[in-house]
Asks: 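Before anything else, here's the structure in question.
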Amino acid sequence: MDIRKLRLDEKTLGTFSEERDEYERDYARLIQSPAFRRLQGKSQVFGAGSGDYYRTRLTHSLEVSQIAREVARRLGQQYDFLSRKEHPGLVLDPAVVEIASLAHDLGHPPFGHKGEEVLNRLLMEEYGIPYEGNAQNFRILMFLEKRAGSGSGLDLTAAVLLAVNKYPFGLDEPGRLKGLYSTEWGEIEQLRRSWKIPIGCSTLEAQLMDLCDDIAYSTHDIEDGIRAGKIQMNRTFFEDSRLINHLVQEIVDDKGNTGIGWGEVDIPAMVKRVLASYLEQWEALYVSCDRESSRTRREMKARWVSIFAGKVGIIDDKTRGWKQVTFVGNGQQDIEMLRTMEILKKLAWVTLIKDFRVQRLQMRSEIMIRRLWDSFKVPEYGRLIIPPDWIENYEQHKSKWSWPRFVADYISGMTDAYAEKVYAELYASKSGSIYEMD
């Protein structure tokens, strides 16, 4: 059997029509799942429902998948070793990359990164257990989502599960901030061993998905920011010393960014250079687009996606005896391009997430999540106000499903609007009819 197409729940093998490829089944199971549909109601940067223009987790995931699939197809034609499929983890199947990209944000709770931060703080403070979006991804894919005949969530192929696994670690490891909960890590680690993947390394498909996620974030979120007026396309804004200092500080404070050699460059000078270049491109495009802002925004986004996607390549990771998907120039890692992308990501973060109005919304969302948590965390009371199907599921699995984790699963599965609805029913003076369906 092809170990890339192995499914953890072997009881379901042979029960399906042979008309579809295994990855086609994975794709269908994912996009028809409630967890995938709920992405349309979860925030990307601006709150879901803020306007019909701005991206949600769903549209973001669709855009990541489109970039990743096209890059995977190009790399398959560019690198001969990929066609030989000498190792299951050193393969780039466009279908697998596409599915992984669609699934990469399932674990995010309502209200974006603030929701994740608050749930983690609550769980850690009161029970010493973490909440982490990437880990929650696997909890959804391997347990919470249900499909007929499967006891393993969506029962996806090994290739897809490992392509989603960009942090190949267990959260139980000391000092580990990102990874998988122990309930899912055991099976994923077993898959990795059977594939003989070096410790700490991800498959090429997972690496490509992760890089394309960054490409989308550093281009699409800026487009949303320009549309919202948070990023003003003029010299006064781009040359503001407060903006530059804020970007520099974000880069210095980001401990996950040490691999691209910021200590080797003059960070303020590079930030100024990237911002000046970005504005110059905008000004030139604005003229060629007949001074139409909406066309210019779309063209800027498209050009930067093309620039980044065109630089993606594969190099040898000699320290690990593996391969690395990264930006490549002249056969070597293009550190300059990685730093440029990081500056644009930080521009989106500083101007959007750090905006005081967004911070007000995040404070509001923190209050809602905390009060929802307080309402559900005591089992005797929580079971009275959580939907019966959730309680039935908990009763069936409570030997391996603690109540705090159950409550976190329930809250994290909510869309922004549903979290607000439940909050209003519990705490507002007015709410909808009791006959509304949850």
Side-chain angles (χ1 to χ4, degrees), residues 7-9 26-27 29-44 56-58 60-65 68 96-113 115-117 119-120 123 129-147 150 152-173 176-192 202-203 205-214 216-217 256 401 405-406 408-415:
R7 298 182 189 275
L8 292 173
D9 188 356
D26 285 352
Y27 179 83
R29 292 174 186 181
L30 176 64
I31 66 168
Q32 294 188 45
S33 67
F36 183 73
R37 290 197 299 278
R38 282 194 290 267
L39 291 177
Q40 67 185 312
K42 293 193 177 187
S43 301
Q44 173 64 10
T56 64
R57 287 284 173 189
L58 179 64
H60 166 73
S61 298
L62 290 169
E63 289 171 330
V64 174
S65 73
V96 170
V97 174
E98 179 181 24
I99 298 163
S101 299
L102 292 172
H104 83 281
D105 265 353
L106 292 182
H108 279 286
F111 311 121
H113 291 287
E116 182 178 10
E117 174 190 318
L119 277 176
N120 181 61
L123 282 166
I129 58 177
Y131 179 91
E132 201 273 316
N134 297 280
Q136 194 69 17
N137 252 6
F138 281 85
R139 188 152 176 79
I140 291 168
L141 294 172
M142 298 174 68
F143 174 65
L144 291 174
E145 278 298 334
K146 302 301 178 191
R147 53 172 300 279
S150 172
S152 302
L154 294 180
D155 192 27
L156 303 177
T157 58
V160 168
L161 287 175
L162 293 183
V164 180
N165 187 210
K166 64 180 180 179
Y167 299 109
F169 309 100
L171 277 175
D172 289 345
E173 298 176 22
R176 192 67 66 189
L177 298 178
K178 295 183 182 293
L180 272 69
Y181 304 135
S182 58
T183 47
E184 288 74 44
W185 175 238
E187 289 185 297
I188 295 300
E189 188 177 30
Q190 186 177 340
L191 281 179
R192 289 173 51 81
S202 298
T203 67
E205 290 156 335
Q207 293 181 50
L208 179 57
M209 176 274 291
D210 191 23
L211 184 56
C212 290
D213 184 26
D214 283 345
Y217 180 42
W401 199 1
R405 179 64 70 195
F406 168 75
D409 287 340
Y410 177 55
I411 294 175
S412 70
M414 295 178 176
T415 62

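Excluded from the calculations below are hydrogen atoms, water molecules and symmetry mates; all remaining heavy atoms, backbone and side chain alike, are included. Note that the coordinates shown come from a computational prediction; the quantities given were computed from them, not determined experimentally.
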Asks: Can you see which heavy atom on Ala216 is nearest to which on Val64, and at what distance?
Replies: CB-CG2, 3.6 Å
Asks: Might you work through the side-chain contact (heavy atoms from CB on, under 4.5 Å) test for Asn165 and Leu191, ending with a clear yes or no?
Replies: CA-CA 11 Å; Asn165 187 210; Leu191 281 179; over 6 Å; no
Asks: Is the shortest heavy-atom distance from the side chain of Ile188 to the side chain of Met142 under 4.5 Å?
Replies: yes
Asks: For the backbone of Gln32 and the side chain of Arg37, can you confirm whether one donor and one acceptor N or O come within less than 3.5 Å of each other?
Replies: yes
Asks: Between Ala68 and Leu208, which heavy-atom pair has the shortest distance, and what is it?
Replies: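 Distance-wise, the nearest heavy atoms are O-CD2, 3.7 Å.
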Asks: Under a 3.5 Å threshold, yes or no: a donor from one side chain and an acceptor from the other, between His60 and Asp213?
Replies: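 A pair is found: one side chain offers a donor N or O, the other an acceptor, under 3.5 Å apart.
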Asks: Looking at Leu119 and Pro109, what are the two nearest heavy atoms and their distance?
Replies: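 Shortest heavy-atom contact: CD1-CB, 3.9 Å.
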Asks: So with a 6.0 Å cut-off around OH of Tyr27, is the heavy-atom count from everything else above 12?
Replies: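 Check fails, neighbour count at 12 or below.
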Asks: Using 0.5 Å steps for rounding, measure from the CG atom of Leu141 to the OG atom of Ser33.
Replies: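 The CG atom of Leu141 sits 8.0 Å away from the OG atom of Ser33.
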Asks: Rounded to the nearest 0.5 Å, how far apart are OG1 of Thr415 and CG of Leu58?
Replies: 12.5 Å
Asks: Is it true that the side chains of Asp172 and Trp185 contain a donor and an acceptor less than 3.5 Å apart?
Replies: no
Asks: Using atom types as modelled and distance alone, determine if a side-chain donor or acceptor of Arg29 lies under 3.5 Å from a backbone N or O of Asp155.
Replies: yes
Asks: Should we say atom CG of Leu177 is surrounded by more than 12 heavy atoms from elsewhere, each under 6.0 Å from it?
Replies: no
Asks: Below 4.5 Å, heavy atoms only, C-beta onward: do Tyr131 and Gln136 meet side chain to side chain?
Replies: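 When only atoms from C-beta onward are counted, Gln136 and Tyr131 do touch, with a gap below 4.5 Å.
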Asks: Grab the two heavy atoms, one from Ser412 and one from Pro110, that are nearest each other, plus how far apart they are.
Replies: O-CD, 3.6 Å
Asks: What is the minimum heavy-atom distance between Leu123 and Pro130, and which atoms define it?
Replies: CD1-O, 4.0 Å
Asks: Is there side-chain contact between Leu30 and Leu106, with at least one heavy-atom pair below 4.5 Å?
Replies: yes
Asks: With rounding to the nearest 0.5 angstrom, report the CZ to OG1 distance, Phe143 to Thr183.
Replies: 8.5 Å
Asks: Flag the pair Leu62 / Leu102 as yes when at least one side-chain heavy-atom distance between them is below 4.5 Å, and no otherwise.
Replies: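 Of all side-chain heavy-atom pairs linking Leu102 with Leu62, at least one is under 4.5 Å.
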Asks: Which atom pair, heavy atoms only, marks the closest approach of Ser61 to Asp105?
Replies: OG-CB, 4.0 Å
Asks: May I ask you to decide if Leu156's main-chain N or O and Asp26's side chain share a donor-acceptor pair within less than 3.5 Å?
Replies: no
Asks: Is any side-chain heavy atom of Tyr167 closer than 4.5 Å to one of Asn137?
Replies: no
Asks: What distance separates Arg192 CZ from Thr203 OG1, expressed to the nearest 0.5 Å?
Replies: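 Nearest 0.5 Å value for the CZ-OG1 distance: 8.5 Å.
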Asks: Would a 4.5 Å heavy-atom cut-off, applied to side chains only, mark His113 and His108 as touching?
Replies: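 A side-chain contact under 4.5 Å exists here.
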Asks: Would you say the side-chain atoms of Glu187 pair up with the backbone N or O of Glu184, donor to acceptor, closer than 3.5 Å?
Replies: no
Asks: What's the spacing between Arg405 CZ and Asp409 CG if we round to 0.5 Å?
Replies: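 These two atoms lie 6.5 Å from each other.
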Asks: Please check: side-chain N/O of Glu205 versus main-chain N/O of Leu162, any donor-acceptor pairing under 3.5 Å?
Replies: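 The answer is no, because no donor-acceptor pair under 3.5 Å joins these two groups.
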Asks: Spell out, as yes or no, whether a donor-acceptor pair under 3.5 Å connects the side chain of Glu132 to the backbone of Ala135.
Replies: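 The answer is yes, because a donor-acceptor pair under 3.5 Å joins these two groups.
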Asks: When you measure from the side chain of Asn134 to the backbone of Gly179, do you find a donor-acceptor pair of N or O atoms at a distance under 3.5 Å?
Replies: no
Asks: So, taking the atom named CD in Glu145 and the one named CD1 in Ile140, what distance separates them when rounded to the nearest 0.5 Å?
Replies: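 These two atoms lie 7.0 Å from each other.
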